[in-house]
There are 2 protein chains.
Amino acid sequence: MNKGKQPTIKEIAKRLKISTSTVSRALNDHPSIGLITTMRVKKLAEELNYEPNRTAIFFKQRKTFTIGVILPSLSEAFFSAAISEIENFANSRNYTVILGQSLDDPERELKIINTMKVHRVDGIILSSAKNTREFEYIEILRNAGIPVVFFDCVPDLVQINAIVSNLKTGMKEAIDTFASCGHRGIAFINGPAHLPASKEREEAFIDALVNNGIPLNRDYIVYTDLSEKGNTDATLQLINLSERPSAVVSFNDYVTLDAMNAVRSKGLTVNQDIFFISYANYPIWKYMENPPMASIEQLPGKQGALAAEMLFELIDRDTEENADDSGIKQGRKIVLESKLVNQHV
Amino acid sequence: MNKGKQPTIKEIAKRLKISTSTVSRALNDHPSIGLITTMRVKKLAEELNYEPNRTAIFFKQRKTFTIGVILPSLSEAFFSAAISEIENFANSRNYTVILGQSLDDPERELKIINTMKVHRVDGIILSSAKNTREFEYIEILRNAGIPVVFFDCVPDLVQINAIVSNLKTGMKEAIDTFASCGHRGIAFINGPAHLPASKEREEAFIDALVNNGIPLNRDYIVYTDLSEKGNTDATLQLINLSERPSAVVSFNDYVTLDAMNAVRSKGLTVNQDIFFISYANYPIWKYMENPPMASIEQLPGKQGALAAEMLFELIDRDTEENADDSGIKQGRKIVLESKLVNQHV
DNA sequence: CTGTTAGCGCTTTCAG
DNA sequence: CTGAAAGCGCTAACAG
């Protein structure tokens, strides 16, 4: 029960009657240390059950081998898939992941970012809170020299690193699919208008309609704040139109779930009176008796992995002390094409 | 662009022509420092945008204000609900959460535990990997003086701290419900036999049958390894019996999802030919047209919060240096009753 | 190849 | 009320 009596290099040095620096070097396989000494040191370290005190190393090296991941919510399937892959990647590099959920609250987000800064994380992966409009933290982190990679919810700025998913390709496929099935009344339940993700979807929606020679009906675009009530209301708005649409693209699966409930509550039948396609983030369709017609896959796991990869590149670059300020890395963006998958029906 | 030129207490001391110790004390509101000095120090610190270097503090204080959370999977709803609450709780105490997913692999689990030990976390919350049979890490962590709280998947040992959910109450209610609806052919799709959680469920299942005067039919208890195939196979085993059961309790929602698919694939109808109740961990029933009859709620969020609470008690206790070894805290367990909820049908 | 020395930033006795 | 000095455990010039 050698409580708290963790051995240190000093202890090893004393027992071996050599200096601490030699011990340190031996332990780190420094080439300049003789093979025999190295062996002796390692052997004793083993015996004593020596473990380096990383807090000392962190302190000394100004590096923590820790990255921060900040997400709106840890309990949404999209994000848990992403973090799962991030953790995986980090783990393979012997990095540790620290975690924060913003709950889409900008204040909370800022607080988490500060905590992470204070913990001196080596980098941050961030999916911004939906309601964040001011991105002061970008400046804060830049000053602190902490690299950041965004994904999913990416601020509409140039000088940032991000994994973005091209929402347009998937939307086009969705509309094409609907059109080729003969649908003309195609509606769109979009998310909050201020989100880049909403704008992009909407543009793509309109483009795709035009492409298919379907005239745009403004009533067919409705908005939800993504709450259950918002989703339901938006859906009812569509259902109550004199000319009810027969096909609906929606912002994401959560919206679709509520929408389908609303549809049923009105005595209509999914996949008969009305068809759905949505951006995928909830992997349950295979279990539903009447799933949407298809999903636009956004590959959250892949996005997470790519974000991690990009972040580690930035970290490595920093570490290899590019003293020159070319290190002001211009924002780099990797685009991931969304695409239609899972023809459920 | 004061790159890397974070001000230190030394800097403040110099400018104010006082000693670093005074600065340190002032910053920490030490009572022995004069009000005026304290003010001056704080003011300058503010101006310089001083931020204490936590890595130095961690090093000095042998405390990292970080807890580790290790879960089998980050992408299962049950666990994301739990971690979400843990993060919440930790956040409110200004602690940081570091994260690891074992993917139910004992080796990986051990590796993560070592990483966390090395990062000197102040405590760990752990839901053990399903396949872990050897709990050497308990000893390791005890020696390292890192308190641990288990939840959900808890080793069957006495000297550990844990939040356990009493699976029996819920099972009893489930069987009672089935029985009161007139079901006599009640089956049980259990998880891997070696799990404490499976054993407990099975005991409760048998007890409850007896209680309701229903004779036990051994064929009505089947097992799955929780894979999709395992779930399907187990279900088919039941369906193919000469006397098909009319009601099924299953290990958890994921099992039920696959089971319901299997049932449908055989041309049977859920909630007509066969009824389901399962331990809840997947919040989607409200969206299903034919959900299970009810769910046995296990309150993952609450379990997480309780685990965090218990862990912080242990940490605080340690910190208030109970040098005496009464600190060999006997295992304490908090039991959470599972109960039947969501009468979906 | 190895030892000496200094120091990371902060806290904390011990003396005033 | 304040300062001087030591030290946490480790690394890294700089000397041999």
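Throughout, protein chains are lettered first and strands after them, A, B, ... in sequence-line order, and every chain is numbered starting at 1.
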Task: Pairing residues for Thr132(A) by the side-chain contact (heavy atoms from CB on, under 4.5 Å) criterion, not counting sequence neighbours - done: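 By the side-chain contact (heavy atoms from CB on, under 4.5 Å) rule, Thr132(A) matches Pro106(A), Glu109(A), Ser128(A), Ala129(A), Phe135(A), Tyr137(A).
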Task: Non-neighbouring partners of Lys10(A) that pass side-chain contact (heavy atoms from CB on, under 4.5 Å), sequence neighbours left out - done: Thr8(A), Thr20(A)
Pair [X] + [Y], salt bridge at N-O below 4.0 Å:
{"X": "Asp29(A)", "Y": "Lys42(A)", "answer": "yes"}
{"X": "Arg15(A)", "Y": "Glu11(A)", "answer": "yes"}
{"X": "Arg142(B)", "Y": "Glu139(B)", "answer": "yes"}

Task: Residues which pass side-chain hydrogen bond (donor to acceptor under 3.5 Å, both in side chains) with Ser80(B), listed by chain and number, not counting sequence neighbours - done: none
Per-pair distances, 0.1 Å, donor-acceptor, side chain in residues 31-38 of chain A, under 3.5 Å, sequence neighbours excluded:
residue  : atom : partner  : partner atom : Å
Ser32(A) : OG   : His30(A) : NE2          : 3.4
Thr37(A) : OG1  : Gly34(A) : O            : 3.4
Thr38(A) : OG1  : Gly34(A) : O            : 2.7

Open item on the list: With ring pair (Phe, Tyr, Trp, His ring centres under 6.0 Å) as the rule and sequence neighbours excluded, what pairs involving residues 100-121 of chain B come up?
Closed with: Phe58(A)-His119(B)
Task: Heavy-atom pair with the smallest gap, counting every atom of Thr64(A) and Val121(A) - done: OG1-CA, 3.7 Å
Just distance, no hydrogens or angles: give the donor-acceptor pairs under 3.5 Å from side chains in residues 300-314 of chain A, sequence neighbours left out.
residue   : atom : partner   : partner atom : Å
Gln303(A) : NE2  : Gln298(A) : O            : 2.9
Glu313(A) : OE1  : Arg332(A) : NH2          : 2.9

Task: Axis bend over the full length of the helix from dC1(C)-dG16(D) to dG16(C)-dC1(D), computed from five pairs that close each end, to 10 degrees - done: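 Angle reported: 40°, given to the nearest ten degrees.
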TODO: State whether the number of non-hydrogen atoms from other residues, nucleotides or ligands found under 6.0 Å of Glu47(B) atom CD is greater than 12.
DONE: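 Counting other residues, nucleotides and ligands, CD of Glu47(B) exceeds 12 neighbours.
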Task: Rounded distance (Å) that lies between atom P of dT13(C) and atom CD of Gln61(B) - done: 11 Å
- [ ] Let me know the distance between CG of Asp29(B) and P of dT11(C), rounded to the nearest Å.
- [x]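 Computing the Asp29(B):CG to dT11(C):P distance gives 12 Å.
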Task: DNA chain D: 5'-most and 3'-most nucleotides touching chain A, 4.0 angstrom heavy-atom criterion - done: dC8(D) to dA13(D)
TODO: Tell me, please, which residues at least two apart from Lys117(A) pass salt bridge (charged side-chain N to carboxylate O under 4.0 Å, His left out).
DONE: Glu51(B)
- [ ] Quick one: list whatever passes salt bridge (charged side-chain N to carboxylate O under 4.0 Å, His left out) with Arg25(B), sequence neighbours left out.
- [x] none
Task: Stretch residues 34-41 of chain B: residues that reach within less than 4.0 Å of DNA chain D through a heavy atom - done: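 By residue number: Gly34(B), Thr37(B).
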Task: Summary of protein contacts for nucleotides 3-10 of chain C, nucleotide by nucleotide, where a base hit scores B, a sugar-phosphate-only hit scores S (4.0 Å, heavy atoms) - done: BB--BBBB
